[in-house]
Undergrad: 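Input: one structure, supplied below.
Hydrogens, waters and symmetry mates are skipped; everything else that's a heavy atom, side chains included, is used. Given the structure is predicted, the values throughout are model-derived calculations rather than measurements.
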Amino acid sequence: MESPPSLLYCGVCSDTADAVHFGGLSCRACAAFFRRKVAGGKMSIGRRCNGNCKLDTVVSRRLCPFCRYDKCLRIGMKTTAVLSRLATVKTEPGEGTSSGSGWAMGNLLEQMKEAHRNLENARRGEFMNEVRALPV
DNA sequence: CGTCAAGGCCAG
DNA sequence: CTGGCCTTGACG
Ligand SMILES: [Zn+2]
């Protein structure tokens with residue numbers, strides 16, 4: 001089948017995504033980046049942006065590795081999905097509110113706040129990492 | 001059995 | 001470090 005590439009677009013760089021990754025629309029690049037950042041915990045960012053960088057293109061996204069990570073969480077990607085395919089956007093156990101996924105509902109804000117909370121934790125961890133990652 | 005998503009490894 | 005392709009696993 002000539003699978004039409006027009007359907008999924010990366011919410012981070014607007015690149016063509018072949019599928020949804022970690023609960024968020026992302027291209028392989030962003031997915032791999034996210035996974036390596038979370039799963040591996042490696043990568044030296046060494047960038048202290050306030051998160052006001054405008055990541056909209058395939059070029060601006062690579063300028064700020066942290067901003068990309070920031071946007072990744074905002075588009076719906078969650079670190080909990082890394083190393084676990086059974087953690088994406090699914091009806092989380094415990095929430096039996098009729099029908100409806102965790103998203104697109106009243107708890108949408110909850111998800112957004114959760115992502116933002118992760119950002120604070122991530123930024124803090126990144127800050128310590130970049131400070132300690134200083135060579136000599 | 002088929003499809004979708006994640007993980008791993010490779011190349012630039 | 002970034003982007004991509006391939007492979008494997010799980011779920012439907
Ligand atoms: Zn992307």
Undergrad: Looking at side-chain heavy atoms only, is the closest gap between A/F33 and A/V12 below 4.5 Å?
TA: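 Contact flag for A/F33/A/V12 side chains = no.
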Undergrad: Which whole-number value in Å describes the distance from A/M43 CE to C/dC1 C1'?
TA: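 Distance, rounded to whole Å: 7 Å.
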Undergrad: In whole angstrom, give the distance that lies between atom CG of A/L63 and atom P of C/dG3.
TA: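 Atom CG in A/L63 sits about 10 Å away from atom P in C/dG3.
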Undergrad: Which pairs, protein N/O on one side and nucleotides 2-4 of chain B N/O on the other, fall under 3.5 Å?
TA:
residue	atom	partner	partner atom	Å
B/dC4	O2	A/R85	NH2	3.2

Undergrad: Rounding to a whole Å, what distance do you find between A/H21:NE2 and C/dG4:P?
TA: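 Rounded to the whole Å, the gap is 11 Å.
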Undergrad: Determine whether a donor-acceptor pair (one donor, one acceptor, N or O, separation below 3.5 Å) exists between the side chain of A/R36 and the base of B/dG8.
TA: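 There is none.
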Undergrad: Grab the CZ-P distance between A/R35 and C/dC5 for me, whole Å please.
TA: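 A/R35 atom CZ is separated from C/dC5 atom P by 15 Å.
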Undergrad: Do you know which of A/D15, A/L25, A/T16 makes side chain to side chain contact (heavy atoms under 4.5 Å, CB included) with A/L8?
TA: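 With A/L8 as partner, A/D15, A/L25, A/T16 yield a single side chain to side chain contact (heavy atoms under 4.5 Å, CB included), made by A/L25.
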Undergrad: Can you confirm whether A/C30 sits close enough to A/C13 that some side-chain heavy atom of one is under 4.5 Å from a side-chain heavy atom of the other?
TA: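 When only atoms from C-beta onward are counted, A/C13 and A/C30 do touch, with a gap below 4.5 Å.
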Undergrad: Please state how far atom CZ in A/F66 lies from atom P in C/dC1, giving the value in whole angstrom units.
TA: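 Whole-Å distance recorded here is 16 Å.
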Undergrad: Are A/P65 and A/M43 close enough that some pair of their side-chain heavy atoms sits under 4.5 Å apart?
TA: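 SC-SC contact between A/P65 and A/M43 ruled out.
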Undergrad: Rounding to a whole Å, what distance do you find between A/K78:NZ and B/dA6:P?
TA: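 Going from NZ in A/K78 over to P in B/dA6 covers 12 Å.
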Undergrad: Measuring to OP1 and OP2 of C/dG3, would you say a side-chain N or O of A/R61 lies under 4.0 angstrom away?
TA: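 Answer yes for this pair, as a side-chain N or O of A/R61 is under 4.0 Å from OP1 or OP2.
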Undergrad: May I ask you to test the A/R68-A/F34 pair for a side-chain heavy-atom distance under 4.5 Å?
TA: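 When only atoms from C-beta onward are counted, A/F34 and A/R68 do not touch, as no gap falls below 4.5 Å.
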Undergrad: OP1, OP2 of C/dT2 versus side-chain N and O of A/R68: anything below 4.0 Å?
TA: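 Indeed, a polar side-chain atom of A/R68 lies that close.
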Undergrad: Please report the distance, rounded to the nearest Å, between CZ in A/F34 and C1' in B/dG7.
TA: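 Rounded to the whole Å, the gap is 14 Å.
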Undergrad: Are A/V38 and A/F22 side-chain neighbours, meaning at least one heavy-atom pair lies under 4.5 Å?
TA: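 In short, these two side chains do not touch, never coming nearer than 4.5 Å.
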Undergrad: Mind calculating the distance between CG (A/L25) and C1' (B/dA6) to the nearest angstrom?
TA: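 In whole Å, B/dA6 C1' and A/L25 CG are 16 Å from each other.
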